[in-house]
Amino acid sequence: MNTSTLVRPVATHSADVASPAALERRYGAANYHPLPVTLERGAGVWLFDTAGRRHLDMMSAYSAVSFGHGHPALVRVLVEQAGRLAVTSRAFHTDRLGPFLRAVCETTGMAKALPMNTGAEAVETAIKAARKWGYKVKRIPEGRAQIIVAAGNFAGRTTTIVGFSSEAQYRDGFGPFAPGFVSVPFGDADALEAAITPDTAAFLVEPVQGEAGIIVPPAGYLAQAREICTRRGILLVCDEVQTGLGRTGALLACDHEGIRPDGLVLGKALGGGLLPVSAFVASEEVMAQFTPGDHGSTFGGNPLAAAVGEAALELLVRERLSERARARGDELLAKLRAIDDPAIAEVRGKGLLIGVEIDPAAASARQVCEALLARGVLSKDTHGTVVRFAPPLIVESEHIDLAVEALADALRSLRK
Ligand code: PLP
């Protein structure tokens with residue numbers, strides 16, 4: 001065999017002339033449409049681009065960077081742990097996993113936790129747990145378990161998860177999809193109740209829908225869902241990958257209505273903005289469905305992730321980030337609502353998870369994000385019409401003023 005066709009020389013000359021963004025376009029799949037800025041450094045609420053410009057981060061990597069970029073306490077834990085022990089697999093115990101799982105359970109008030117990496121994996125874990133609970137505890141006939149989901153949900157990009165998405169683009173070309181999901185309107189407790197059958201195992205719901213465009217359900221919805229699920233003998237599983245860990249101004253968005261789900265999905269901020277760390281967290285009865293060999297992940301619960309995750313939870317509580325998110329979130333919401341511009345159709349949100357709905361007749365959300373970028377504020381459009389404001393939870397009033405002024409100015413510039 002002629003190996004010269006297999007081993008190609010590294011073309012350093014082409015990398016020298018092309019920008020990193022051009023290389024992304026040349027060698028990467030086009031599954032994202034990034035704003036035209038190339039970032040190279042972050043510190044707290046700030047991001048710095050390759051041209052040396054400073055930008056205020058108002059979306060924190062889709063809510064993953066709650067502690068700000070490069071939080072020194074978390075970076076210290078990351079570096080120390082990386083030098084000591086990073087990845088072992090779950091074939092062995094490590095000195096980091098147990099303390100991390102205890103921190104997850106004690107912080108959330110739940111019984112047991114199963115560590116994974118990405119949010120989608122943890123949602124898949126929740127689906128498996130709910131189905132198996134349905135068969136083994138509720139005695140649903142084999143192969144018939146159903147999970148009720150809410151229209152507008154976003155839970156990741158696996159084929160099972162996009163299969164129950166109501167977003168046509170997320171599904172287009174990726175079927176066939178797994179059966180066993182029933183969709184009801186979000187925020188409608190009566191519709192949930194009406195959809196329950198003897199084969200229903202669980203209701204899987206985001207307390208505030210993030211990727212749908214920051215949709216806050218009517219007050220009392222989650223408490224009603226809790227009551228219905230308990231009375232009808234199905235599990236309530238809350239996907240708090242985005243809303244959890246302080247983002248909405250409470251440790252869990254469930255706390256706003258004083259409820260505990262049977263299963264809870266955490267991700268994003270659990271990795272301290274440094275690593276992908278997620279977990280499925282549940283009651284004893286639900287987690288008891290997993291036995292050795294049922295489920296796993298090579299990287300899930302690795303010592304590096306466990307150390308950073310434990311430190312992130314400690315920091316969240318010590319720095320009272322939920323309270324800060326509530327105070328700064330109320331402030332941001334009020335200041336955004338005070339912008340008097342016809343392009344703003346609605347401002348909605350909870351804590352520091354806020355969406356500004358732009359009237360499509362005035363501008364697209366993408367245009368607004370580009371105008372914000374020109375003013376040193378980074379955000380991202382969702383669903384064409386929504387600009388999200390979800391800064392790190394350490395954001396201060398002065399940053400909020402800067403972002404609000406930039407938005408008002410951006411909208412003025414788009415009117416001309
Ligand atoms: N669940 C919710 C509510 C999310 O917002 C997301 C991501 O945005 C996910 C799950 C998927 O997380 P990941 O992108 O880490 O797979």
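Each ligand, and each atom within it, is numbered from 1 in the order the structure gives.
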If you count only heavy atoms, which residues are under 4.0 Å from ligand 1?
T118, G119, A120, F154, A155, G156, E206, E211, D239, V241, Q242, K268
If we ignore angles and hydrogens, is there a donor and acceptor under 3.5 Å between the side chains of S413 and R375?
yes
salt_bridge(K138, D199) N-O dist < 4.0 Å
no
Only one of L313, V281, T107 clears side-chain contact (heavy atoms from CB on, under 4.5 Å) with L266; which?
V281
Side-chain donor-acceptor pair present, E193, Q224, cut-off under 3.5 Å:
no
Identified side-chain contact (heavy atoms from CB on, under 4.5 Å) counterpart of V205 within the set L192, N153, L222:
L222
Which residue is it: L35, L373, L372? I am looking for the one with a side-chain contact (heavy atoms from CB on, under 4.5 Å) to H55.
L373
